[in-house]
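Below is one structure; the comments refer to it alone.
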Amino acid sequence: MDDNTVEAAQYLTFKLEDEVYATDISRVREVLEYSRVTKVPRTPDYMRGVINLRGRVVPVIDLKLRFGMSRTEQTVNTCVIIVEVNLEGESIIIGALADSVQEVIEMDPSVIEPPPRIGTKLNTDFISGMGKRDERFVIILDINKVFSGERLDMVKATAAEPDMTGA
Amino acid sequence: MKSNPSTKRATNRQSGSDQQVLMSEILRLSDAAKAGRLSERADLSKVDGESRELLDGVNQMLDAFVRPLKVVNEYVGRISKGEIPDMITDNFLGDFNEIKNSLNQCTGSLGGLIESSEVLKRLAVNDHTRRVDGKYLGIFADVSKAVNDVRERLVHLRDTAQNISNGDLSDLEQYKKISEGAGRRSENDQLVPAFIRMMEAIQQMVDDASMLSKAASDGKLSTRADISKHHGDFARILVGVNDTLDSVVGPLNIAAKYVDRISKGDIPEKITDNYNGDFNEIKNNLNQCIDGLAGLVENNIVLQHMAVNDYTHRVEGKYQGIFAEVAEAINQVQERIQHIQNTAQNISNGDLSDLDQYRKLGNGTGRRSENDKLVPALIRMMEAIQQMGSDVNMLSRAAVEGKLSTRVDASKHQGDFRKIVQGVDDTLDAVIGPLQEVSKVMSKMMEGDFSARIMADYQGDFDLLKKAINSVGESLRKTVEDVGTVLTEMANGDLTAKIAADYKGDFSSIKNSINQLGQALDRVMIEISGSAENVASGSQQLSSTSEQMSQGATEQASAAEEASSSMEEMVSNIKQNADNAHQTESIATRSSQDAKIGGESVKQTVEAMKKIANKISIIEEIARQTNLLALNAAIEAARAGDHGKGFAVVASEVRKLAERSQAAAGEINQLAGSSVEIAEKAGEMLSKLVPDIQKTAELVQEISGASAEQSTGANQINKAIQQLDQVIQQNASASEEMSATSEELAGQAEAMKEAIGFFKLSSNGRQVKGIAERHAQSAKAAHMTNKATASPKGSPLKEARSSIVTKPNGHIISLDDEHAYNGNGDAEFEKY
């Protein structure tokens with residue numbers, strides 16, 4: 001699915017604070033209401049804990065904290081986006097915390113601009129492109145890169161076993 | 001006997017030494033027995049064998065002898081000492097027993113001696129009751145009989161002595177007859193002869209004594225007993241009797257002599273000799289008798305004094321019996337006469353107070369005895385004097401009370417008393433004639449006839465009386481005439497008339513009074529005249545003032561009417577205000593209730609809105625869930641690739657619907673929220689509104705009350721104005737009346753002036769000005785208002801002299817207050 005650049009691809013849009021982000025739908029497994037998480041000791045701040053997803057232990061990452069923003073406050077619209085992450089060849093299920101989930105949209109590659117070099121708060125490596133939609137930009141995240149790096153070792157370690165069983 | 005056995009044994013058994021010892025022992029024993037040493041015994045130790053037995057038998061024999069001997073010895077010893085021992089009771093044998101029996105008999109006979117001794121002992125102490133009764137033998141029987149005989153003699157003598165002591169000498173004959181007239185029982189019998197002589201001596205003495213007593217009872221006081229016939233004490237007794245008689249007869253003779261003298265009226269001196277015992281008593285009695293007779297002498301003296309009316313003496317001595325009674329009687333007579341003498345003296349001093357005392361005598365009978373005529377005579381005398389006294393007293397009382405016709409009934413009195421009473425009556429008659437004449441003249445004068453005179457001729461004091469009364473009549477007549485003349489002149493209007501003549505005493509004061517009356521009337525009339533002028537002008541002034549007042553009052557009346565109508569309008573306005581306030585109040589009350597209900601409704605609304613909001617949030621939630629489901633469906637569809645394309649469209653649509661419903665729900669929710677807010681605010685406003693409305697209602701209520709009060713106040717004001725109006729109208733009419741009245745007053749004053757013109761006065765009124773000036777202080781009394789203009793002479797002082805009280809019916813003119821008048825007027829009058 002990585003090479004569907006020619007065709008219009010489908011994305012799931014969501015909001016972190018006032019910005020709209022999007023991620024490729026193919027990586028998304030489902031969206032859950034955020035109820036409560038089980039805190040796991042000796043884990044980084046952005047890992048809010050784990051949830052029980054139909055018997056599987058799924059770590060929940062606070063994207064805003066991951067992106068250096070403030071901690072996500074729980075509202076009725078707070079959702080957990082269950083995604084499949086490919087980390088160093090392993091597929092891991094991770095829950096990403098979002099302020100709200102918007103919709104599933106189709107965007108033509110023509111409306112997607114390459115990520116800016118400067119001018120964003122983010123490390124642009126996370127961003128695969130900037131989609132234009134209704135005169136606004138949707139920041140399209142490369143979810144694999146978001147969760148890549150040694151910082152997610154713990155996440156990986158936490159998710160490794162179920163991943164193995166699930167795989 | 002003793003030596004036999006021992007010698008036998010000694011020869012039988014022993015040698016010669018034994019026999020020697022035995023022998024010496026026996027010898028010793030026999031010597032001892034001879035010497036009476038019966039306790040001596042043989043010494044058995046010196047011999048043996050038969051000798052010893054022999055000696056032992058000797059010893060035993062000695063013992064058998066010695067014991068009865070000792071008993072007998074003891075008994076005989078005791079008897080010899082007069083001690084009679086008991087019978088021996090021990091048993092002895094043989095001869096010894098005989099000895100014992102003899103001893104015992106001896107002891108029994110000795111009992112007779114003891115009894116005799118006992119009887120004799122009693123006889124020795126004159127106890128003759130006991131005889132020796134035991135039977136004895138031999139000499140003991142003789143002794144007993146002799147003792148008994150002695151006792152009989154003694155008893156006989158005793159009885160005789162007893163009889164003698166009882167005065168019974170009858171035993172004498174018996175004694176004389178003893179031993180056939182020998183008068184003795186034995187040749188040596190001295191006792192019976194002695195007894196006979198004794199009794200004879202006694203008999204002789206008795207005879208002498210009875211002889212003496214018989215002689216004494218026969219009055220033979222010189223008879224004496226013959227002493228030579230008697231001896232010893234009997235002689236002394238009779239000597240004593242004779243001496244006794246001598247000592248009795250001596251005083252008796254003296255007594256007889258004294259009594260004899262007394263019987264002849266010769267009072268002897270008192271007996272001064274000393275006597276003893278009863279004789280002294282006789283002497284004392286005689287002396288007392290002499291004293292009693294001395295009483296007679298004293299009585300005699302007292303009676304002799306009384307016979308010459310000298311009652312100063314009393315029987316003073318103390319006497320006995322009849323002498324005392326006589327003395328007492330004499331003293332009582334003296335007292336009676338003394339008392340009567342005192343009474344007579346009292347009567348002579350006009351003191352009849354003894355009368356009651358006399359009447360009370362003899363328990364009210366007025367006499368001391370049935371034959372007492374003295375006391376009744378005294379009583380009658382005193383009563384007569386008393387009657388006269390009371391009659392004279394009655395006359396004098398009647399005279400004091402003016403009952404001159406009262407007289408005493410002379411017939412009630414007798415003798416000189418009657419003359420006295422008659423004299424008094426005649427005196428009264430002499431006094432009463434002139435008095436009645438005086439009375440007649442006086443009563444005529446009383447009836448106004450001063451010409452009456454006493455014409456009869458009298459003498460002495462009565463003449464003086466007559467002249468005095470006649471001159472009184474003259475003085476009275478003249479005075480009355482003068483007074484009559486002056487008063488007649490005054491009646492004719494001449495107040496200057498005076499009495500000129502001179503009078504004396506009270507007549508002078510009558511004259512002065514009449515003259516002063518004239519002056520006073522003159523002065524008063526002058527003042528009245530001036531006052532009348534003042535009244536006239538004053539009343540004219542009053543009239544005009546009253547008219548002005550009347551006009552003013554009319555104007556006031558119309559003004560008051562206007563005020564009244566204005567007040568009425570005001571009252572109706574106030575009433576309307578009150579009604580409005582009342583209505584407003586009810587409206588406010590209703591509004592308050594409505595607001596309260598509105599508040600409730602708003603509250604309910606708010607609650608309903610809140611419920612709606614709640615429900616809408618459910619819808620919102622559902623929309624959100626639906627949205628999420630649609631998203632997940634879209635995700636599934638996308639993951640399904642081309643196969644999921646259709647589903648993706650549906651999911652997108654569903655998501656959109658959900659999104660819209662969510663948005664709509666959100667809007668509704670927002671709206672509901674704002675509605676709730678508004679409704680709550682409205683509720684608050686309404687709840688604030690309620691107390692305000694209530695407060696308004698209260699205020700309006702107060703306004704209503706105030707209006708009601710205003711209304712009543714206004715009503716009262718209105719009523720007051722109406723009353724004022726009436727008063728003003730009354731004032732108006734009153735001042736009109738006053739005007740008319742004062743006009744009339746002026747007319748009356750004029751008439752009065754004319755009336756006073758009738759009198760001839762000492763001045764025309766100007767001259768009293770001076771007087772009036774002095775009474776300026778009493779000007780308060782003047783009731784006239786127009787002082788300044790009242791009198792043409794400008795004399796308010798003159799008005800002050802009189803006070804004029806205005807009444808519808810006319811004028812009363814009163815003199816000015818008397819105090820001021822008296823205070824200053826007298827000095828003024830003296831000028832005139």
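The chains referred to below are lettered A, B, ... by the order of the sequence lines, with proteins before strands, and numbering in each begins at 1. The basis for the numbers below is simple: all heavy atoms, side chains too, and nothing from hydrogens, waters or symmetry mates. Every value quoted in this text rests on a predicted model; they were computed, and no experiment measured them.
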Can you establish whether the number of heavy atoms outside B:Gln576 located under 6.0 Å from its atom CD is more than 12?
no

Are B:Glu561 and B:Gln722 close enough that a side-chain donor and a side-chain acceptor fall under 3.5 Å?
no

B:Ser591 side chain to B:Ile587 main-chain N or O, any donor-acceptor pair under 3.5 Å?
yes

Side chain A:Ser100, main chain A:Thr78, donor-acceptor under 3.5 Å:
no

Please tell me whether A:Phe67 and A:Phe126 form a close aromatic pair, meaning their ring centres lie under 6.0 Å apart.
yes

The side chain to side chain contact (heavy atoms under 4.5 Å, CB included) partner of A:Arg27 among A:Leu12, A:Asp142, A:Asn144, A:Ile94 is A:Asn144

Using only heavy-atom distances, determine whether the side chains of A:Asp62 and A:Thr72 contain a donor-acceptor pair under 3.5 Å.
yes

Determine whether A:Leu53 and A:Ile82 satisfy the following criterion, side chain to side chain contact (heavy atoms under 4.5 Å, CB included), listing intermediate values before the conclusion.
CA-CA 9 Å; A:Leu53 180 67; A:Ile82 306 296; 3.9 Å; yes

A:Glu30 bridged to A:Arg54 by N-O distance under 4.0 Å:
yes

More than 12 heavy atoms of other residues, nucleotides or ligands under 6.0 Å from CG of A:Asp45: yes or no?
no

Interface residues of residues 629-636 of chain B facing chain A - non-hydrogen atoms under 4.5 Å apart:
B:Leu631, B:Asn632, B:Ala634, B:Ile635, B:Glu636

Residue-level contacts of residues 655-690 of chain B with chain A, using a heavy-atom cutoff under 4.5 Å:
B:Arg655, B:Gln662

What part of A:Gln102 gets within 4.5 angstrom of chain B, counting heavy atoms only: side chain, backbone, both, or neither?
backbone

